[in-house]
Asks: 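Sharing a structure below in structure tokens format, with a few things to ask.
Every value quoted in this text rests on a predicted model; they were computed, and no experiment measured them.
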Amino acid sequence: QVQLVESGGGSVQAGGSLRLSCAASGYTSSRYCIGWFRQAPGKEREGVARFSTRSGSTYYADSVKGRFTISQGNAKNTVYLQMNSLKPEDTAMYYCAVRSFCNTWHPATVDYWGQGTQVTVSS
């Protein structure tokens, strides 16, 4: 059974930083695509960033490029999302997600979801 356990959300003022973490367990392969989506109230879930454990490649949504960094931890089943220069529009529930390949990063193609962690950025 695949489990994704997130932590690190919270409240911060604009310009501040947070680091989210996601620990994956139970996946049958060590090669997969893992990353983050977010969903603000009344909006669709959108891809934020993803990391390929096969190639080490990364993807970022245009809205977070240059501010967010996704990385793999020393424990290879853990990924982090370092979020800097946070803006009020980054306020959302952030979900860790896993799928087999990184050829796409769309919520409809995700195999497993975490429970979500709230990020709130005040102006």
Asks: Under a 4.5 Å cut-off applied to non-hydrogen side-chain atoms, are M83 and L20 in contact?
Replies: yes
Asks: Would you confirm whether the ring centroid of Y95 sits within less than 6.0 angstrom of the ring centroid of F37?
Replies: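 F37 vs Y95: aromatic centres not under 6.0 Å.
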Asks: Drop me the distance from I70's CD1 to Q82's CD, to the nearest 0.5 angstrom.
Replies: 12.0 Å
Asks: Might you point out which heavy atoms bring C22 and L4 nearest each other, and give the distance in Å?
Replies: SG-CB, 4.0 Å
Asks: Under 4.5 Å between any side-chain heavy atoms of M93 and P41, yes or no?
Replies: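 Not touching, per the 4.5 Å side-chain cut-off.
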Asks: Quick one: do S52 and R31 satisfy side chain to side chain contact (heavy atoms under 4.5 Å, CB included)? Show the steps, please.
Replies: CA-CA 8 Å; S52 170; R31 299 185 175 190; over 6 Å; no
Asks: Taking the side chain as every heavy atom from C-beta outward, state whether Q3 and Y112 have any pair of such atoms under 4.5 Å apart.
Replies: no
Asks: When rounded to the nearest 0.5 angstrom, what distance separates CG in L18 from CG in L81?
Replies: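 One finds 10.0 Å between CG of L18 and CG of L81.
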Asks: How long is the straight-line distance from CD of Q72 back to OG1 of T78, given to the nearest 0.5 Å?
Replies: 8.5 Å
Asks: Side chain to side chain contact (heavy atoms under 4.5 Å, CB included), that's the test. Do S71 and F51 meet it? Break it down for me.
Replies: CA-CA 7 Å; S71 61; F51 177 89; over 6 Å; no
Asks: Checking Q115 now: which residues fulfil side-chain hydrogen bond (donor to acceptor under 3.5 Å, both in side chains) with it, not counting sequence neighbours?
Replies: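 Residues passing side-chain hydrogen bond (donor to acceptor under 3.5 Å, both in side chains) with Q115: E6.
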Asks: Scan side-chain atoms only and decide if Y59 and T104 contain a donor-acceptor pair under the 3.5 Å cut-off.
Replies: no
Asks: For the residue pair I34 and C96, establish whether any side-chain heavy-atom pair is separated by less than 4.5 Å.
Replies: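 Side-chain contact under 4.5 Å: yes.
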Asks: Show the nearest heavy-atom pair for residues S21 and W36, with the distance to one decimal.
Replies: O-CH2, 3.5 Å
Asks: When you compare the side chain of D90 with that of R67, does any pair of heavy atoms fall below 4.5 Å?
Replies: yes
Asks: Does the cation-pi check pass for R45 over W113, that is, NZ or CZ under 6.0 Å from the six-membered ring centre and within 45° of its axis?
Replies: yes
Asks: Evaluate the criterion side chain to side chain contact (heavy atoms under 4.5 Å, CB included) for residue pair Y27 and N77; output intermediate values, then yes/no.
Replies: CA-CA 9 Å; Y27 208 78; N77 66 326; over 6 Å; no
Asks: Please determine whether residues Y60 and V119 belong to a single hydrophobic cluster, defined as Ile, Leu, Val, Met, Phe, Trp and Tyr linked transitively by side-chain heavy-atom distances below 4.5 Å.
Replies: yes
Asks: Do you know which two heavy atoms are closest between Y32 and A24, and how far apart they sit?
Replies: OH-CB, 4.2 Å
Asks: To check you understand the geometry: which heavy-atom pair defines the closest contact between P88 and A14, and what is its length?
Replies: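 Looking at all heavy atoms of both residues, the closest pair is CD-CB, 4.1 Å.
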Asks: To the nearest 0.5 Å, what is the distance between OG on S63 and CD on E46?
Replies: 5.0 Å
Asks: Answer whether the closest heavy-atom distance between the side chains of V98 and C33 falls below 4.5 Å.
Replies: no
Asks: Do side-chain atoms of T53 reach the backbone of S30 as a donor and acceptor pair under 3.5 angstrom?
Replies: yes
Asks: Can you tell me if R99 uses its side chain to pair, donor with acceptor, with the backbone of T109 under 3.5 Å?
Replies: yes
Asks: Under the 6.0 Å and 45° cation-pi test, does R54 pair with F101?
Replies: yes
Asks: Quick one: CZ on F68 to CG on N84, what's the gap to the nearest 0.5 Å?
Replies: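 Result: 8.5 Å between the selected atoms.
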Asks: To the nearest 0.5 Å, what is the distance between OH on Y94 and CZ on R38?
Replies: 4.0 Å
Asks: When you measure from the side chain of T91 to the backbone N and O of T120, does any donor-acceptor pair fall under 3.5 Å?
Replies: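 Looks like no, no N/O pair under 3.5 Å.
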